[in-house]
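Below is one structure, written out as structure tokens; comments come after it.
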Amino acid sequence: MINILSIYDELLKKYGYQGWWPIINYKGVNPTKTGSIKGYHPKKYAFLKNDSQRFQICIGAILTQNTNWVNVEKSLLNLYNNNLLSPKKIIDNAEKVKELIKPSGYFNLKSKYLANFSRFYLSLNGKIPFRDELLKVKGIGKETADSILLYAYNVPVFVIDAYTKRLVNHLGLIDSNDYETLRTFFESNLTNDYKLFQEFHALIVEHAKNNYSKKPYGISDFLKKIKKN
DNA sequence: TTCCAGGCAATAC
DNA sequence: GTATTGCATGGA
């Protein structure tokens with residue numbers, strides 16, 4: 001049986017701390033990534049978010065559905081530069097939002113999703129949302145809900161995305177593509193630590209971008225090493 | 001030109 | 001309950 005944490009250790013050794021979730025107006029940022037906003041925070045792990053940063057993470061999580069992050073950055077900057085990156089502004093400026101988020105695709109759908117979520121966000125009055133409440137919002141599925149909980153609210157849920165599925169299947173860690181099965185697999189084999197979950201998921205994405213975007217996937221050296229353990 | 005990107009809801013079987 | 005389809009821009 002493979003020790004899941006050993007995969008995390010190897011990924012961290014290879015790629016370093018990822019500074020997720022990117023924030024476009026983070027003060028004192030030390031940008032290390034490419035992309036238009038270079039908003040990766042400089043901490044090793046979770047940083048405390050203020051309300052606008054928390055909201056921005058939620059909006060980014062919706063905009064990045066099946067969409068390249070660089071395109072999401074463009075939409076976020078458009079919203080930010082037009083002073084629309086807040087729940088009330090998004091609700092009150094539906095048509096303008098639709099135009100501004102065009103770079104990140106599916107703009108007809110996502111503009112509605114953003115407004116739906118904004119109403120939900122205001123209804124929270126600063127409270128941390130429950131997962132089942134988030135999932136009732138049209139446009140928020142499991143991955144988006146878990147990304148919001150983990151990165152905006154520091155709630156320890158493990159985010160499963162397409163990359164994660166490719167990784168675990170390719171390594172033969174578990175024979176399933178079911179979201180909840182995979183989430184339970186990670187959560188039950190790791191310390192229940194949101195900082196670990198945040199960094200691990202970010203590292204999986206970074207690694208998968210490099211190794212699981214084009215078939216055949218092949219196998220990298222450090223993962224060969226893990227498979228021998 | 002074709003393929004892919006940090007999914008989701010609606011519909012079909 | 002599981003499989004398929006529409007949604008859309010921009011970069012490789």
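Everything numeric in this text was worked out from a predicted model, so none of it was measured. Below, chain A is the first sequence line, B the second, and so on; all start at residue 1.
A/D161 comes within contact range of the sugar-phosphate backbone alone, with a heavy-atom separation under 4.0 Å but no base atom that close. A/A162 comes within contact range of the sugar-phosphate backbone alone, with a heavy-atom separation under 4.0 Å but no base atom that close.
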Go along nucleotides 8-13 of chain B 5' to 3' and tag each nucleotide: B for a protein heavy atom under 4.0 Å from its base, S when only backbone or sugar atoms are that close, - otherwise.
SSS---
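Rounded to whole angstrom, the span from the CG atom of A/N210 across to the P atom of C/dA12 amounts to 14 Å. Look at CG on A/D178: it is 12 Å from P on C/dG1, rounded to the nearest Å. Atom NZ in A/K214 sits about 16 Å away from atom P in C/dG11, given to the nearest Å. Per the geometry, CD belonging to A/E73 stands 17 Å off P belonging to B/dA5, to the nearest Å. Note: CD1 (A/I59) to P (B/dG7) measures 17 Å, nearest angstrom. When rounded to the nearest whole Å, the span between CG of A/N66 and P of C/dG6 equals 14 Å. Nucleotide B/dG7 holds its C1' atom 14 Å from the CG atom of A/N68, rounded to whole Å. In this entry the distance linking NZ of A/K110 with C1' of C/dC7 reads 9 Å, nearest Å.
A sub-4.0 Å separation between OP1 or OP2 of C/dG10 and a side-chain N or O of A/K102 is absent.
Between A/H201 and A/F158, the ring planes lie perpendicular to each other; the angle is over 60°, past the 30° to 60° tilted range.
Side chains of A/Y113 and A/I140 form no contact here, defined as non-hydrogen atoms less than 4.5 Å apart. Looking at A/L203 and A/L12, their side chains come closer than 4.5 Å, going by heavy atoms from C-beta outward. Using a 4.5 Å cut-off on side-chain heavy atoms (C-beta onward), A/V155 and A/R131 make no contact. Annotation: side chain of A/Y217 is not in contact with side chain of A/N169 (no heavy-atom distance under 4.5 Å).
The side chain of A/Y106 has C/dC7 as its nearest neighbour among B/dA5, C/dG11, C/dC7. Checking B/dA5, B/dG7, C/dA8 against every side-chain atom of A/R166, the shortest atom distance belongs to B/dA5.
The C1' atoms of B/dA10 and C/dT9 are separated by 22 Å, rounded to the nearest whole Å. Nucleotides B/dT11 and C/dA8 have their P atoms positioned 16 Å apart, rounded to a whole Å.
At least one donor-acceptor pair under 3.5 Å links the side chain of A/Y151 to the backbone N or O of A/Q198. For the pair A/Q53 (side chain) and A/N50 (backbone), a donor-acceptor distance under 3.5 Å is present.
Clustering of Ile, Leu, Val, Met, Phe, Trp and Tyr by side-chain heavy atoms under 4.5 Å joins A/L122 with A/I91.
For the pair A/K98 and A/F107, the NZ or CZ position fails the cation-pi test of under 6.0 Å to the six-membered ring centre and within 45 degrees of the ring normal.
Residues of residues 93-101 of chain A that place a heavy atom closer than 4.0 Å to DNA chain B do not occur.
The shortest non-hydrogen separation linking A/A145 to A/L135 is CB-CD2, 3.8 Å.
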